Amino acid sequence: MTRCYLNAMAMVSAMGDCPQAAYRQLTVGAPALSTSHSFSPEDTLPLGLFTGELPVVQLPECHWHSRNNQMALLALEQIRPQAEAAIARFKPHRIGVVVGTSTSGISDSETDLKQRVNTGELPPNFDYRQQEMGATASYIAAELGVTGPVFAISTACSSGAKALASARRLLRAGLCDAVIAGGVDTLCHLTVQGFSALEAVSDSPCVPFSHNRKGINIGEGAGLFLVSREPGEVELAGVGESSDAHHISAPDPSGAGAVRCMQSALRDAGIASDAVDYVNLHGTATALNDQMEARALAQVFGEAGVPCSSTKPFTGHTLGAAGAVEAAICWLALQEGGAPRHVWDGQADPDLPALDLITASQPNTELSCALSNSFAFGGNNISLILRRVV
């Protein structure tokens with residue numbers, strides 16, 4: 001079976017505008033959430049808000065101009081040299097783009113629709129296409145001038161990880177020689193207030209797997225990769241997917257779907273569970289998700305366990321981008337050495353199986369293999385295995 005590699009990586013999040021900034025935050029164990037009422041007028045909430053400057057989209061058409069595409073452009077600029085080298089080598093029609101998102105340009109449409117409510121008129125630059133789910137994938141293709149397969153994935157919190165799985169399928173099917181793949185999501189009222197209506201949002205920084213966990217902190221970010229068959233330093237070695245369809249928003253409490261996708265990823269990578277050095281937990285800090293995931297890890301990794309952490313206290317839950325942002329964190333851990341710390345209050349939930357959560361007192365060690373979990377609404381689950389190529 002054709003091996004696929006993550007040849008270049010880009011990341012934007014609350015931790016900063018590049019992978020190096022993110023690595024600094026992860027290394028010192030310092031979350032970077034902001035407190036704001038911008039997306040929840042009646043409540044001040046911790047948010048994984050990117051507070052840096054975003055570049056201006058230069059393409060003239062109105063439908064390209066959205067905060068989501070600005071976030072995508074900031075990430076794309078980090079890997080543009082590698083992307084352009086791939087285009088020159090393989091030609092534009094052999095380069096694909098797959099982007100996971102759940103918000104696209106909805107934040108911009110919210111502003112425009114508010115103006116219509118207040119004035120009776122939409123602004124002259126309003127274009128419905130800003131908020132289409134495929135908008136950011138199409139924007140990246142237009143920005144690079146590539147003409148291969150271009151599409152979006154919107155499966156809630158698994159979207160960004162599923163984009164990487166789709167990129168691998170495009171390569172293995174011979175439809176592409178390289179793919180720009182990942183996830184991009186930006187904050188908007190719809191998601192912050194929607195999750196608040198589900199009573200899933202915490203009014204304090206999230207504490208995954210704690211007895212005191214109260215819910216998620218919504219975030220925004222981008223993670224993009226150049227994926228190809230060209231050997232590189234990090235391989236996308238395993239993908240496991242499952243759909244338990246237990247409930248429209250609640251996970252199967254038994255963790256059966258999560259177990260299936262982790263085991264499938266291990267089989268796909270051709271490794272046993274003890275070959276995994278680190279697991280990036282989905283770890284949303286909701287009561288049901290953490291319960292399900294802890295049970296699933298106990299089944300897959302047994303009494304020996306595995307070093308693990310949730311990085312959502314650093315980024316917030318970036319929704320459609322989460323799977324890609326957290327794969328990027330695993331990419332960094334493999335390249336730079338040392339898994340991210342688990343930031344919480346240290347109050348373990350006695351009703352959950354014990355996890356080998358990484359604390360500040362544990363030394364950073366060289367990693368060879370990392371697994372990243374993403375579990376979405378409707379039981380749409382995916383696990384990715386990234387392996388450092390020696």
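Note that the coordinates shown come from a computational prediction; the quantities given were computed from them, not determined experimentally. Below, each value reflects all heavy atoms present in this structure, side chains not excepted, and no hydrogens, waters or symmetry copies.
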Check whether any side-chain heavy atom of [X] sits under 4.5 Å from a side-chain heavy atom of [Y], and report yes or no.
| X | Y | result |
| --- | --- | --- |
| N280 | I329 | yes |
| P208 | P313 | yes |
| H342 | T359 | no |
| V300 | Q263 | yes |
| L386 | L334 | yes |
| E42 | H37 | no |
| R260 | D244 | yes |
| I95 | L144 | no |

Which pairs count as salt bridge (Lys or Arg N to Asp or Glu O under 4.0 Å) when at least one residue sits in [range], sequence neighbours excluded?
| range | answer |
| --- | --- |
| residues 103-128 | D127-R129 |
| residues 290-314 | R213-D290, K312-E326 |
| residues 183-197 | none |
| residues 156-182 | R94-D177, K162-E241, R168-D268, R169-E241, D177-R229 |

Seminar exercise, completed: Residue pairs meeting ring pair (Phe, Tyr, Trp, His ring centres under 6.0 Å), one or both in residues 164-194, sequence neighbours left out, come to F39-H189
Problem set entry | All pairs passing ring pair (Phe, Tyr, Trp, His ring centres under 6.0 Å) where residues 276-301 contributes a residue, at least two apart | H282-H317, H282-F375
Exercise. Who passes side chain to side chain donor-acceptor pair (under 3.5 Å) against T286, sequence neighbours left out?
Worked result: T284
For this session: Using side chain to side chain donor-acceptor pair (under 3.5 Å) as the criterion, list what pairs up with Q115, not counting sequence neighbours.
Result: none
For this session: Determine, stepwise, if the pair C308 / L355 fulfils side-chain contact (heavy atoms from CB on, under 4.5 Å).
Result: CA-CA 7 Å; C308 55; L355 299 178; 4.0 Å; yes
Hydrophobic cluster membership, with links at side-chain heavy-atom distances under 4.5 Å among I/L/V/M/F/W/Y: are [X] and [Y] in one?
| X | Y | value |
| --- | --- | --- |
| L175 | V99 | no |
| I216 | V207 | no |
| M11 | L26 | yes |
| V227 | F151 | yes |
| L164 | V98 | yes |

Polar side chain donor-acceptor pair, [X] to [Y], under 3.5 angstrom:
| X | Y | value |
| --- | --- | --- |
| T136 | N68 | yes |
| R267 | S264 | yes |
| S109 | Q131 | yes |
| Y139 | E143 | yes |
| T155 | S158 | yes |

Exercise. Among all residues two or more places apart in sequence or in another chain, which pass the ring pair (Phe, Tyr, Trp, His ring centres under 6.0 Å) test with F195?
Worked result: F377
Check side chain to side chain contact (heavy atoms under 4.5 Å, CB included) between [X] and all other residues, then give those that pass, not counting sequence neighbours.
| X | result |
| --- | --- |
| E235 | R3, Y5, A237, R387, V389 |
| S38 | S36 |
| C369 | I271, V276, D277, I385 |

In Å, rounded to the nearest 0.5 Å, how long is the span from [atom1] of [X] to [atom2] of [Y]?
| X | Y | atom1 | atom2 | result |
| --- | --- | --- | --- | --- |
| N217 | T318 | CG | OG1 | 12.0 Å |
| F314 | M15 | CZ | CE | 7.5 Å |
| E336 | L367 | CD | CG | 11.5 Å |
| N373 | N381 | CG | CG | 8.5 Å |
| F225 | N7 | CZ | CG | 11.0 Å |
| M71 | T101 | CE | OG1 | 10.5 Å |

Exercise. Closest approach of C206 and G215, non-hydrogen atoms and distance?
Worked result: CB-O, 3.4 Å
For this session: May I have the step-by-step check of side-chain contact (heavy atoms from CB on, under 4.5 Å) for I153 and M133, ending in yes or no?
Result: CA-CA 8 Å; I153 293 179; M133 288 297 109; over 6 Å; no
For this session: Give a yes or no on whether E84 atom CD has more than 12 heavy-atom contacts from other residues, nucleotides or ligands under 6.0 Å away.
Result: yes
For this session: Decide side-chain contact (heavy atoms from CB on, under 4.5 Å) for Q347 and F209; before the verdict, give the C-alpha distance in whole Å, the side-chain angles of both, and the deciding distance to 0.1 Å.
Result: CA-CA 8 Å; Q347 301 297 309; F209 300 94; over 6 Å; no
Exercise. For L224 and I140, what are the C-alpha separation, side-chain angles and deciding distance, and is it a side-chain contact (heavy atoms from CB on, under 4.5 Å)?
Worked result: CA-CA 11 Å; L224 292 180; I140 291 173; 4.1 Å; yes
